[in-house]
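The structure under discussion appears below in the form of structure tokens.
Since this is a predicted model, take the numbers as computed values, not measurements. In what follows, chains are A, B, ... by sequence order, proteins preceding strands, each numbered from 1.
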Number of protein chains: 2
Amino acid sequence: MISLDANSSPTPEELPPEIDGLRMTKQRREVFSVVLAERDHPTANDVFSRSQKRMPTISLATVYNCLEALVSHGLVRQVNFEREPSRYCPNLSDHCHFQDQKTGTIHDVVFKEGVNLADFLELPQGTEVSHLEISLKGRIGSN
Amino acid sequence: MISLDANSSPTPEELPPEIDGLRMTKQRREVFSVVLAERDHPTANDVFSRSQKRMPTISLATVYNCLEALVSHGLVRQVNFEREPSRYCPNLSDHCHFQDQKTGTIHDVVFKEGVNLADFLELPQGTEVSHLEISLKGRIGSN
DNA sequence: TCTTCGAATTAGAATAATTCCAATTATTGC
DNA sequence: GCAATAATTGGAATTATTCTAATTCGAAGA
Ligand SMILES: [Mn+2]
Ligand SMILES: [Mn+2]
Ligand SMILES: [Zn+2]
Ligand SMILES: [Zn+2]
């Protein structure tokens with residue numbers, strides 16, 4: 001399990017050669033470390049420019065490939081707000097997203113202890129939910 | 001208020017010349033009536049081809065313009081599933097969306113009586129939510 | 001009814017996030 | 001080291017949506 005401590009995220013070199021059956025290539029480690037480094041939900045392009053700092057030869061296509069690999073192996077979450085470019089989130093705990101309309105900043109929002117989908121949704125019986133995305137927008141406090 | 005009865009939705013001619021301060025042009029009535037006619041959450045393209053049946057000269061740009069006008073006046077809801085093309089929904093009651101991954105069909109899902117956002121989300125105090133989108137994907141029953 | 005004028009419509013071009021492609025390069029298992 | 005396989009790369013392609021500039025519409029007043 002990769003640490004999510006606010007002030008110590010792994011450098012690419014610190015990431016193992018394989019995670020969860022996914023071969024961690026040099027580029028995947030770079031991309032993963034960029035996503036882990038900050039909790040600001042960067043877009044693919046953000047990840048690309050940050051990655052380029054340490055790895056100037058990485059391509060945008062590779063960033064997309066790596067993100068896709070990380071997402072499909074459950075190491076990173078893809079976050080969508082309406083029709084905006086996808087963003088990427090290293091927080092694997094159950095949570096959803098709030099976008100401050102003033103700044104565009106995206107905040108993680110956690111579910112209350114012990115709540116369960118069926119507690120607030122009238123789901124047709126027999127539905128098996130495999131994917132859930134909750135996105136909020138609004139203002140914060142005095143902003 | 002526009003009727004949402006399953007088996008009688010207004011023809012374009014039956015729609016008034018203005019709704020909620022929005023001037024209902026011929027094209028907007030056509031587009032609105034198409035969205036009202038079926039609860040299958042059509043894409044802009046779907047709306048375009050259905051509209052063309054009655055109004056062969058309507059353009060796709062106009063369909064986008066009309067949908068945007070209807071959405072921004074709160075007469076129609078725009079529904080997003082990840083990075084798929086937007087869909088449009090005439091159901092203005094509080095609800096969210098479930099996509100059957102087998103068929104792609106989108107179903108309305110209503111919230112349980114009396115539930116409230118703050119009941120299941122740990123919202124930072126002072127947040128004022130102006131927009132909420134909940135999208136589920138999965139299987140239904142024996143499918 | 002005629003005129004005016006802002007708003008709406010239209011066809012087509014432009015945009016931009018993402019995906020695809022074909023060639024190259026890296027890695028793995030022998 | 002030598003296939004075989006997988007990943008990376010640059011660039012082209014895709015596609016939903018938006019933009020542009022020209023035309024048309026339509027409400028309101030003369
Ligand atoms: Mn998602
Ligand atoms: Mn929405
Ligand atoms: Zn997050
Ligand atoms: Zn709906």
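With rounding to whole Å, A/Phe48 atom CZ is found 14 Å from C/dT18 atom C1'. Atom CD of B/Glu18 is separated from atom P of C/dA8 by 11 Å (rounded to the nearest Å). Rounded to whole Å, atom P of C/dA7 lies 21 Å from atom NZ of B/Lys26. Between A/Glu68 atom CD and C/dC20 atom C1' there is a gap of 13 Å when expressed in whole angstrom units. Taking atom CD of residue B/Glu84 and atom C1' of nucleotide C/dA17, one finds them 16 Å apart after rounding to whole Å. Rounded to whole angstrom, the span from the CD atom of B/Glu30 across to the P atom of D/dC25 amounts to 17 Å. The distance from atom CZ of B/Arg29 to atom C1' of D/dG26 is 12 Å, rounded to the nearest whole Å. One atom, NE2 of A/His73, and another, P of D/dA6, lie 12 Å apart when rounded to the nearest Å.
Set against C/dA7, C/dT10, D/dA16, the side chain of B/Arg23 has C/dA7 as its closest nucleotide. The side chain of A/Ala61 lies closest to D/dG11, out of C/dT9, D/dG11, C/dT18. In the set D/dA7, D/dA27, D/dT17, the nucleotide with an atom closest to the side chain of B/Leu60 is D/dT17.
Between A/Arg28 and A/Arg83, the residue anchored nearer the 5' end of DNA chain D, judged by the nucleotide with its closest heavy atom, is A/Arg28. Residues B/Asn65 and B/Pro85 both approach DNA chain D. Their nearest nucleotides, taken by heavy-atom distance, put B/Pro85 toward the 5′ side.
In this structure, the side chain of A/Arg87 does not engage the main chain of A/Val79 through any donor-acceptor pair within 3.5 Å.
The distance from the CG atom of A/Leu67 to the CZ atom of A/Arg28 is 11.0 Å, given to the nearest 0.5 Å. Taking SG of B/Cys89 as the start and CZ of B/Arg39 as the end, the distance is 7.0 Å to the nearest 0.5 Å.
Regarding contacts with the backbone of C/dT9, a side-chain N or O of B/Thr25 is found under 4.0 angstrom from either OP1 or OP2. Taking 4.0 angstrom as the limit, B/Gln27 places a side-chain polar atom (N or O) nearer than this to OP1 or OP2 of C/dT10. Distances shorter than 4.0 Å separate some side-chain N or O of B/Tyr64 from OP1 or OP2 on D/dT17.
A/Thr62 comes within 4.0 angstrom of a nucleotide base, judged by non-hydrogen atoms across all strands. Residue-level contact check: B/Ser86 touches the backbone only, with heavy atoms under 4.0 Å from sugar-phosphate atoms and none from bases.
Ring geometry for A/His95 against A/His41 counts as tilted: the plane angle lies between 30° and 60°, on a 0 to 90° scale. The aromatic rings of B/Phe98 and B/His107 sit tilted relative to each other, their planes meeting at an angle between 30° and 60°.
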